[in-house]
Number of protein chains: 2
Amino acid sequence: MGNRTERLLAIKSIIATRKVSSQEELLSLLDKKGMNYTQATLSRDLKFLKVNKISDPEKGYIYELPDQHLISNEIAETYAAQGFISIQFANKLGVIKTLPGYANSIASLIDKANPFEILGTIAGDDTILLIPQEDVTEKDIINSLILTIPELKNKI
Amino acid sequence: MGNRTERLLAIKSIIATRKVSSQEELLSLLDKKGMNYTQATLSRDLKFLKVNKISDPEKGYIYELPDQHLISNEIAETYAAQGFISIQFANKLGVIKTLPGYANSIASLIDKANPFEILGTIAGDDTILLIPQEDVTEKDIINSLILTIPELKNKI
DNA sequence: TCCCATGGTGTATAATTATTCATATAATGT
DNA sequence: ACATTATATGAATAATTATACACCATGGGA
């Protein structure tokens, strides 16, 4: 079903932007977006997305996307953002142009973040080919990139 | 009850050294150490220690001590370990001697890790005073320091 | 000393999350 | 195209975790 991907992306985006502390809560947030599922499905989704539940002073425990703790990547991210030139799409594939030599390090950041909606990357010297998951939109890919490398926000 | 501290330390040490995926499991590990409590107590303890539950490829989800994600501190830790000279105890207080100028940064690392068994620190230029929680042993303090700054292992 | 407030714990139970089972639908091989 | 296998999902339920309540011990004040 094509809706699973949409739902997973919605979950990622919700969890990335607000503090959610239970599956019921997430359920009703999805409901507001017109997505009606059951708690059982969310339980499976969260496991699939490897979402963690971490201590939060305000809400006790909240869900957190994995790899967000890679704060040590900040330097790498800034560097990567500098080398980023543009992204275009053709034939369901994404093509990122970078400054010469930057492609590999940017691609490796994306791989490391491993967003499920990007199946993989192939990098040359100044070009990265992004192979998206089926039925993922360009917008989804771009959002995903920004989640991975926030500094790209201004450059896309 | 004085046993609470002992139990909390045991929990920290268990979680730091092995993958635990449920409170029942933790319960029986404590039981093997002769500590008999109930699941309700562990639930409260884990909340108190701000233990997170994170995705694990092997066991699904496991408990994880907070602040372990501060990998970005590695540099700071190496630096701190270099400046560390010795630790001694007197009157239930710990006294760390450091190279001149190192005391504050080491103390700040300890404060940031905020182990509950160390109430606080006071740092001068080459000396840190450690104020331990009641009924915490010297051994506990040292283990705690090593958890915070692993590089100290060889120097203590 | 006597209260009262606080903190820690167990028991019982509520709330939350994971799983089993059944089913439908889509994908794959022949 | 058909059979077979894999994937996705909900309903019901099991498993896990959190909490309400009661109780006890301790440590200040008055």
Side-chain angles (χ1 to χ4, degrees), chain A residues 1-12 14-15 18-31 33-66 92 116-117 119 133-136, chain B residues 1-12 14-15 18-31 33-66 116-117 119 132-136:
Chain A
M1 187 160 281
N3 272 15
R4 179 169 181 262
T5 299
E6 188 194 1
R7 185 185 66 237
L8 288 170
L9 288 169
I11 290 173
K12 279 184 62 164
I14 288 172
I15 290 178
R18 54 205 289 174
K19 295 182 176 184
V20 180
S21 58
S22 79
Q23 295 177 12
E24 290 298 331
E25 192 180 342
L26 186 51
L27 209 55
S28 77
L29 289 171
L30 286 172
D31 196 84
K33 298 193 175 214
M35 304 188 195
N36 296 95
Y37 293 92
T38 61
Q39 174 268 323
T41 298
L42 289 199
S43 173
R44 296 172 185 124
D45 288 352
L46 293 176
K47 190 170 188 177
F48 174 80
L49 292 170
K50 304 193 193 325
V51 169
N52 302 327
K53 210 168 186 185
I54 65 161
S55 176
D56 177 83
E58 189 187 318
K59 307 196 69 174
Y61 279 91
I62 59 171
Y63 290 113
E64 184 204 50
L65 292 176
K92 302 265 179 191
F116 80 92
E117 59 271 31
L119 275 190
Q133 173 92 9
E134 285 267 17
D135 63 23
V136 168
Chain B
M1 188 158 281
N3 274 14
R4 179 169 182 261
T5 299
E6 189 194 359
R7 186 184 67 237
L8 289 169
L9 288 169
I11 291 173
K12 279 185 61 165
I14 289 172
I15 290 178
R18 54 206 287 174
K19 295 182 175 182
V20 180
S21 58
S22 80
Q23 294 176 12
E24 291 298 332
E25 193 180 342
L26 186 51
L27 209 54
S28 76
L29 289 172
L30 285 172
D31 196 82
K33 298 192 175 216
M35 303 189 195
N36 296 95
Y37 293 92
T38 61
Q39 174 269 323
T41 297
L42 289 198
S43 172
R44 296 172 184 123
D45 288 351
L46 293 176
K47 190 171 188 177
F48 174 80
L49 292 170
K50 302 193 193 329
V51 169
N52 301 326
K53 211 169 186 185
I54 66 161
S55 177
D56 176 83
E58 189 187 318
K59 308 195 67 174
Y61 279 91
I62 59 171
Y63 289 113
E64 185 203 51
L65 292 175
F116 80 94
E117 60 271 33
L119 274 189
Q133 173 93 10
E134 284 267 19
D135 62 25
V136 168

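- The shortest distance between the side-chain N/O atoms of A:Arg7 and the OP1/OP2 oxygens of D:dT9 is below 4.0 Å.
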Listing time: all N or O pairs from protein to nucleotides 20-22 of chain C that are below 3.5 Å?
{"residue": "C:dT20", "atom": "O4", "partner": "A:Arg44", "partner atom": "NH2", "Å": "2.6"}

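- Within the 4.0 Å cut-off from OP1 or OP2 of D:dT17, at least one side-chain nitrogen or oxygen of B:Tyr63 is found.
- Distance NZ (A:Lys50) to P (C:dA18): 14 Å, rounded to an integer number of Å.
- Across the interface with DNA chain C, nearest-nucleotide mapping of B:Thr38 and A:Glu24 shows B:Thr38 to be the residue nearer the 5′ end.
- In this structure, the side chain of A:Asn52 engages the main chain of B:Ser55 through a donor-acceptor pair within 3.5 Å.
- One can place NZ of A:Lys47 at 7 Å from C1' of C:dA18, the figure rounded to the nearest angstrom.
- At whole-Å resolution of the value, NZ in B:Lys59 and C1' in D:dA15 are 16 Å apart.
- Put simply, CG on B:Leu8 is 11 Å from C1' on C:dG8, counting in whole angstrom units.
- Rounded to whole angstrom, the span from the CG atom of B:Leu27 across to the P atom of D:dA18 amounts to 13 Å.
- No donor-acceptor pair closer than 3.5 Å links the side chain of B:Tyr63 to the backbone N or O of B:Leu46.
- A donor-acceptor contact under 3.5 angstrom links the side chains of A:Ser21 and A:Glu25, judged on distance only.
- The distance from atom CZ of A:Phe48 to atom C1' of D:dA6 is 15 Å, rounded to the nearest whole Å.
- As judged by a 4.0 angstrom heavy-atom cut-off over every strand, A:Ser43 is placed among the base-contacting residues.
- As rounded to whole Å, 15 Å separates atom P of D:dT7 from atom CG of A:Asp45.
- Residue A:Leu46 contributes atom CG, which lies 12 Å from atom C1' of C:dT16 at whole-angstrom precision.
- A:Arg4 places a side-chain heavy atom less than 4.5 Å from the side chain of A:Phe48.
- The closest donor-acceptor contact from the side chain of A:Lys59 to the backbone of A:Lys19 lies under 3.5 Å.
- The shortest distance between side-chain heavy atoms of A:Glu64 and A:Ile15 does not fall below 4.5 Å.
- Regarding contacts with the backbone of D:dT17, a side-chain N or O of B:Lys53 is found under 4.0 angstrom from either OP1 or OP2.
- The base of D:dA18 sits within donor-acceptor range of the side chain of B:Gln39, with an N or O pair under 3.5 Å.
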